[in-house]
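Below is one structure, written out as structure tokens; comments come after it.
Computation of the quantities below employed the complete heavy-atom set of this structure, encompassing side-chain atoms and omitting hydrogens, waters and symmetry-equivalent molecules. We count ligands from 1, going down the list as the structure has it; atoms in each ligand are counted the same way.
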Amino acid sequence: MPRIAVVNRQLFNPHESQLMADLCPVNRRGEPCITINPADKKIDIDEKLCIGCGICVNRSTPGSISIINLPDELVSLPVHRYGRNGFHLYNLPVPQFGKVVGILGRNGIGKSTALKILSGQLMPNMGGETEAKYEDLISFFKGSEAQAYLERLKNKTIKVSYKPQQVDLIPKAAKGTVKKVLEKVDEKGELAEITTLLELTPILENDITKISGGELQRVAIAATALRKADVYFFDEPSSYLDIRQRLKVSRFIRDLADKNTAVMVVEHDLIILDYMTEMLYLLYGKEGVYGICSGIKSTRNGINVYLSGYLKDENMRFRDKAITFKERAETRRGESTVQVSWAGLKKKLGKFSLESEGGSIHRKDIIGILGENGIGKTSFVKLLAGVDKADTGEIEESVRVSYKPQYLESSSDELVENVLRDAIDKYNTQIVETLGLQFLLTRKVNELSGGELQRVAIALCLAKEADLYLLDEPSAYLDVEQRLIVSKLIRDFMDLYGKSCMVVDHDLLFLDYLSERLMVFEGQPAVRGKATGPFPMGEGMTKFLKELALTFRRDPDSGRPRINKEGSVLDREQKASGKYYYTA
Ligand code: SF4
């Protein structure tokens, strides 16, 4: 059975190196299975000598060593390995001309590595110490679709254009106005058309360093599409965008594919992934340790297989439980105690005005909030918390609010352990371990990735004493698994402690899974906002979707919501009957 040994060099404590070498039974019988690397004083493990006893895994800092037995039938050589005991990637997804193909999988499972290989930015090493040659790769993939693609990459008859995941790094590399930045990459001469389609015209003269995350994302998408290419790669194109923009960007990306052009997308918003792609690959394995790419599947089947946690074709279970949307806790809210109520609220904040006719939040309520950015969602909660006073209207019983902001502060060099002290003392099992934060405790806050920082921020917010918890975009940077873990944590926490929660998010599947009622914010960003609801799920979604002229159905197998094709029979029928959203 092939075995891989991965040492997380960030987590591994070099003071444990000698102990690991002394404990290893293979070392004890005189063979050098664990050796100490003179460069960083941390250990290297010889995968061929290791017998997989697990002693080093159990005796070292949690999460710092992984020893994995791989199924024989699935893998031979990795396509790429980061260093001697680093992450292993097996198999590759392949772009399809004329189609948008998705990649779905956890963070740290090799999606970005695969895209870098396919875009020619990373020459893989096939598990060796040095870069492989295209000839070796081609012979490795002989007879598969990857062979033809790699041959074109080798012959340089394929040109690729790549949108990176972290668009917030763009202002560090690009300088000048948005227009100047885009003009430099406009090989197609379509700047005016594409910037109109992506609603960038009003910000063309703005400096690239002064625009918001959502604007930066759309600039990055425009820059990628403006290049002449045969294959376009988009790594997480929906981050920072609200739902209306996500749909617009999805249609834009879909339209790029034609018989001479292939498009490949990594995306965690399953409704958007479903809407944007025709086929997809699943990447599964263990985050930071190894990733295996599945065979290609239709998008509908691929997402359902992913949610089921079991790959039938590969006979591989990668999650204990299936994720299902049929047992949503829609009827759970029976708690009648009103925690806070309001009526006839009006508030002017500079040029922005906010209003709400009235509503109430009950104990154990989980209220999803839908609406564009800049439309008064945070200002509304500040009124409920008594931080700001309404100009007119009444609030019965202001509540203690704990708030997780949309943008996370990452500059602190404090240890995660110190920042999370309260959460560890009070809710170690329930919050810290559920979110997998026990592996981050010895890291500094400013060293965390976006997804790690998000999980720390959620833990911090929930560990504060409050009656009402407001989480602004908790799904940002999280993968699908983490989004569902966070949903369950929030639901269990509110149930157990009789608290209530409001969640602002743009991932509709996440909100569908989590919320019991919905508030809808309408109006014009930065000008006026009107808060309506809370409504029952179906009513709130219908109100929101009517504005977008979209209808949803439920997938018969997984129960997940799916967007109906515009103008399809179902779409027309549902619009005619006013059922924009099926809750069951
Ligand atoms: Fe040695 Fe492998 Fe056992 Fe670790 S798992 S102690 S490396 S034999």
Record the part of Cys33 in heavy-atom contact with ligand 1 below 4.0 Å; permitted values are side chain, backbone, both and neither.
side chain
Under 6.0 Å from the ring centre and within 45 degrees of the ring axis: does the NZ or CZ of Arg319 meet both conditions for the six-membered ring of Tyr306?
yes
NZ/NE/NH1/NH2 to OD/OE distance under 4.0 Å, Asp479 and Arg106
yes
For Val26, the ligand 1 atoms whose distance to one of its heavy atoms is below 4.0 Å
8 (S)
With rounding to the nearest 0.5 Å, note down the distance linking CZ in Arg81 to OH in Tyr90.
8.5 Å
So, 2.8 Å as the limit: is an N/O/S atom of Cys50 located closer than that to atom 2 (Fe) of ligand 1?
yes
What part of Leu49, side chain, backbone, both or neither, has a heavy atom within less than 4.0 angstrom of ligand 1?
neither
Please round to the nearest 0.5 Å and tell me the distance separating atom CD of Glu267 and atom CG of Asp235.
9.5 Å
Near Ile34, which atoms of ligand 1 are under 4.0 Å from a heavy atom of that residue?
7 (S)
Just checking: Cys53, one of its N/O/S atoms, less than 2.8 Å away from atom 4 (Fe) of ligand 1, yes or no?
no
Below 4.0 Å, non-hydrogen atoms only: which portion of Ile45 touches ligand 1? Side chain, backbone, both or neither.
side chain
Suppose we measure from atom 1 (Fe) of ligand 1 to each protein heavy atom; which comes out shortest, and what is that distance?
Cys24 SG, 2.4 Å
Which residue supplies the protein heavy atom nearest to atom 5 (S) of ligand 1, what is that atom called, and how far is it?
Gly54 N, 3.3 Å
Which atoms of ligand 1 sit under 4.0 Å from any heavy atom of Cys56?
4 (Fe), 5 (S), 6 (S), 7 (S)
